[in-house]
Amino acid sequence: MSPALQKLLPASPRIEILSGLTVALALVPEAVAFAFVAGVHPLSGLYAAFMVGLITAVIGGRPGMISGATGALAVVMVSLVADHGVEYLFATVVLMGILQITAGVLKLGKFIRMVPHPVMLGFVNGLAIVIFLAQLSQFKIGGPDGSLQWMQGEPLAVMLGLVVLAMAIIHFLPRVTKAFPAPLAAILTVTGLALFLGLDTRTVGDMTSISGSLPSFHLPMVPINLETLQIIFPYALILAAIGLIESLLTLTLVDEMTETRGRASQECIGQGVANTVTGLFGGMGGCAMIGQSMINIKSGGRSRLSGIAAAGFLLFFILYGSSLIEMIPLAALVGVMFMVVIGTFEWTSFQIIGKIPRSDAFVLVLVSGVTVVTDLAIAVVVGVIVSALVFSWKSAKRITAHSYQSDDSTKVYELSGPLFFGSITSFRDLFDPKNDSDDVVVDFKDSRVWDHSGLQAIDSLAERYANYGKRLHLKHLSADCTHLLRKADSLVEVNVIEDPHYGIVVDYADLYREETAAAPETEKNATGDKPAAAPSKA
């Protein structure tokens, strides 16, 4: 076998396939439960788990990561299904996939690096709590009036006993041998014990039957017009954003666990193709699943084979093995998911929360809380916004000036730090136009202008000095800033050797191009003793 082919094959196919089997068993109740949440037939959830899982495993950007129907998407779908019907959901999933493919083609996946580490910790902790809370519903049974009530007495004791047994097997078996995935061993052991002892406990079959046929091609039965687009586009946009955020954050987490690197933009394309196909075959759509991904990684799954095997086993369960899968006690699967929660939650966050900056600790707790109360996408957006505001506030306080009187009685201000919307107030307070000398130099050698607000602050400063009849000289300001200034550009001293050349993105970018094309070439003063003789725009 050639070395190139060996690299494409997993190191241990047996472990990869067994890991895929474990994941498939855990996917069944999750897919069924999320289908119920979305208000669609359980087979729509199972078809989504199969198709999304298979396609992302083949062409996605992160080998070893598992995708399928998720609760984060289901909670958004429920209102669409209730108001417009399931056919509109299928059309929405198709459009969702197209939007995700577009994001991948435009390389938007790289922006996941903008998510700060406290937000990542909050995402992981919040999602672990959500997974834990989702499992608690398995401890409820229907009461005499049809409402769900908590288990009591012997049913509760049996359920808890089997859960603890499954957790114990998963915890201790790897210390004895790693030749067999511990979660799969736990599921088989608990199922065998329940059958052998004839225990009265809830099984997968108590939720619903998972028997079905192959998914068939199905164009969404919706009118193709602008009104339909107006209905489905907002949902598709939200679902696409939630799906990509959860997938890319899960990708980052798997990268850290495996010390490898996935391809974010390729994952966007993989998720998009998967959802487009799923919507055309009667599936409810999906994205990466952190719980099942953790099961796969900890069971030894590292390659695409594990994800492909998981999808293959799931389809086999639907077609031929439903009677066997329906015999599995829910307690076994709950025990597996509880161990996922324990392994996913960043327990070290309790140790570091008192050692990191208070702003980071606040973001960590905030994202965790918002993830539990609302959903992942809102939590991540809130976390990024708060982190950005904290960064802006800290950066705003970093602008300072060293001032001194030169030999020729010129007042010199040497700036240090960024000039942007958050620091313009501090920038203004650095100067004293009324009491300064008639000639003032502001040196930007150690400062950078970040946005249009900074340019406006420089213009305002020039106008303040002009009102007192004083001369202001601006040194080491970049060429693009010079041309974009309204009132101060005639006061800029240009040094062709030292002046910086860095870009600034503002609303006047087109104006800059027009002015530089039409205006005569500005005389440059290489000595910096006097301002250049450029015409003023004041």
Side-chain angles (χ1 to χ4, degrees), residues 30 52-53 56 60-76 96 99-100 103-104 107-132 134 238-272 274-275 285-298 307 340-341 343-346 348-349 360 363-388:
E30 295 279 304
V52 174
T56 55
R62 176 64 264 181
M65 190 167 74
I66 303 299
S67 297
T70 64
L73 299 181
V75 295
V76 178
M96 164 192 173
L99 293 175
Q100 291 177 328
K107 306 293 185 183
L108 300 184
K110 61 187 177 182
F111 288 104
I112 196 65
R113 70 187 67 174
M114 300 298 293
V115 178
H117 190 62
V119 176
M120 273 294 300
L121 289 178
F123 152 75
V124 171
N125 290 350
L127 215 53
I129 296 172
V130 169
I131 294 173
F132 172 77
I238 294 172
L239 291 171
I242 293 175
L244 290 185
I245 290 174
E246 183 161 359
S247 298
L248 294 178
L249 289 178
T250 304
L251 179 147
T252 303
L253 184 61
V254 174
D255 282 354
E256 294 178 357
M257 293 182 65
T258 60
E259 297 182 354
T260 58
R261 186 169 182 176
R263 293 177 294 171
S265 295
Q266 180 62 33
E267 183 62 30
C268 294
I269 295 175
Q271 293 287 336
N275 281 303
C287 64
M289 307 179 74
I290 186 172
Q292 277 66 25
S293 297
M294 294 303 101
I295 292 175
N296 189 45
I297 296 301
K298 293 180 179 179
V340 169
V341 170
T344 302
F345 194 91
E346 287 287 347
T348 55
S349 57
D360 288 346
V363 170
L364 193 160
V365 175
L366 175 66
V367 174
S368 299
V370 176
T371 300
V372 175
V373 175
T374 57
D375 62 61
L376 169 66
I378 294 177
V380 172
V381 171
V382 168
V384 171
I385 291 175
V386 172
S387 297

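A quick note: this is a predicted structure, and the numbers were derived from the prediction, not measured.
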Quiz item: Atom CD1 of I245 and atom CD1 of I378: how far apart are they, to the nearest 0.5 Å?
Solution: 10.0 Å
Quiz item: How close do V363 and S387 get, heavy atom to heavy atom, and via which atoms?
Solution: CG1-OG, 3.7 Å
Quiz item: Does any non-hydrogen side-chain atom of I129 lie less than 4.5 Å from one of T371?
Solution: no
Practice problem: Report yes if some heavy atom in the side chain of V384 is under 4.5 Å from a heavy atom in the side chain of F111; otherwise report no. | Solution: no
Quiz item: Hey, are T56 and Q271 close enough side-chain-wise for a donor-acceptor pair under 3.5 Å?
Solution: no
Practice problem: Indicate the atoms forming the closest heavy-atom contact of L248 with C268, along with that distance. | Solution: CD1-SG, 4.1 Å
Practice problem: To the nearest 0.5 angstrom, please state how far the CE atom of M294 sits from the CG atom of L253. | Solution: 4.5 Å
Quiz prompt | Heavy-atom closest pair, residues A103 and L244 | solution = CB-CD1, 3.8 Å
Practice problem: Compare all side-chain heavy atoms of V367 with those of P118 and state whether any distance is below 4.5 angstrom. | Solution: no
Quiz item: Are the side chain of S368 and the backbone of G122 linked by a donor-acceptor contact shorter than 3.5 Å?
Solution: yes
Quiz item: Of all heavy-atom pairs between E267 and R62, which one has the smallest distance, and what is that distance?
Solution: OE1-N, 3.4 Å
Exercise. Kindly indicate, with the supporting measurements, whether the criterion side-chain contact (heavy atoms from CB on, under 4.5 Å) is fulfilled by I131 and I290.
Key: CA-CA 9 Å; I131 294 173; I290 186 172; 3.9 Å; yes
Quiz item: If you look at every heavy atom in S67 and A288, which pair is closest and at what distance?
Solution: OG-CA, 3.4 Å
Quiz item: Can you tell me if T260 uses its side chain to pair, donor with acceptor, with the backbone of D255 under 3.5 Å?
Solution: no
Practice problem: Please step through side-chain contact (heavy atoms from CB on, under 4.5 Å) for the pair S265 and K107, ending with a clear verdict. | Solution: CA-CA 5 Å; S265 295; K107 306 293 185 183; 3.8 Å; yes
Practice problem: Look up atom CD1 in I297 and atom CE in M257, then write down how far apart they are to the nearest 0.5 Å. | Solution: 6.5 Å
Quiz item: Out of curiosity, C287 SG to Q100 CD, how far, rounded to the nearest 0.5 Å?
Solution: 8.0 Å
Quiz item: Backbone N or O of M289 within a donor-acceptor pair of the T70 side chain at under 3.5 Å?
Solution: no
Quiz item: CZ/F123 to OG1/T252 distance, rounded to the nearest 0.5 angstrom?
Solution: 8.5 Å
Practice problem: Assess whether side-chain contact (heavy atoms from CB on, under 4.5 Å) is satisfied between L73 and I242, documenting all intermediate values. | Solution: CA-CA 7 Å; L73 299 181; I242 293 175; 3.8 Å; yes
Quiz item: Side chain of Q266, backbone of G61: donor and acceptor closer than 3.5 Å?
Solution: no
Practice problem: Kindly say whether M65 contributes a backbone atom to a donor-acceptor pair with the side chain of N296 at under 3.5 angstrom? | Solution: no
Self-check item: Heavy-atom pair with the smallest gap, counting every atom of V372 and G126
Solution: CG2-O, 3.8 Å
Quiz prompt | Approximate separation, where rounding is to 0.5 Å, of L121 CG and H117 NE2 | solution = 4.0 Å
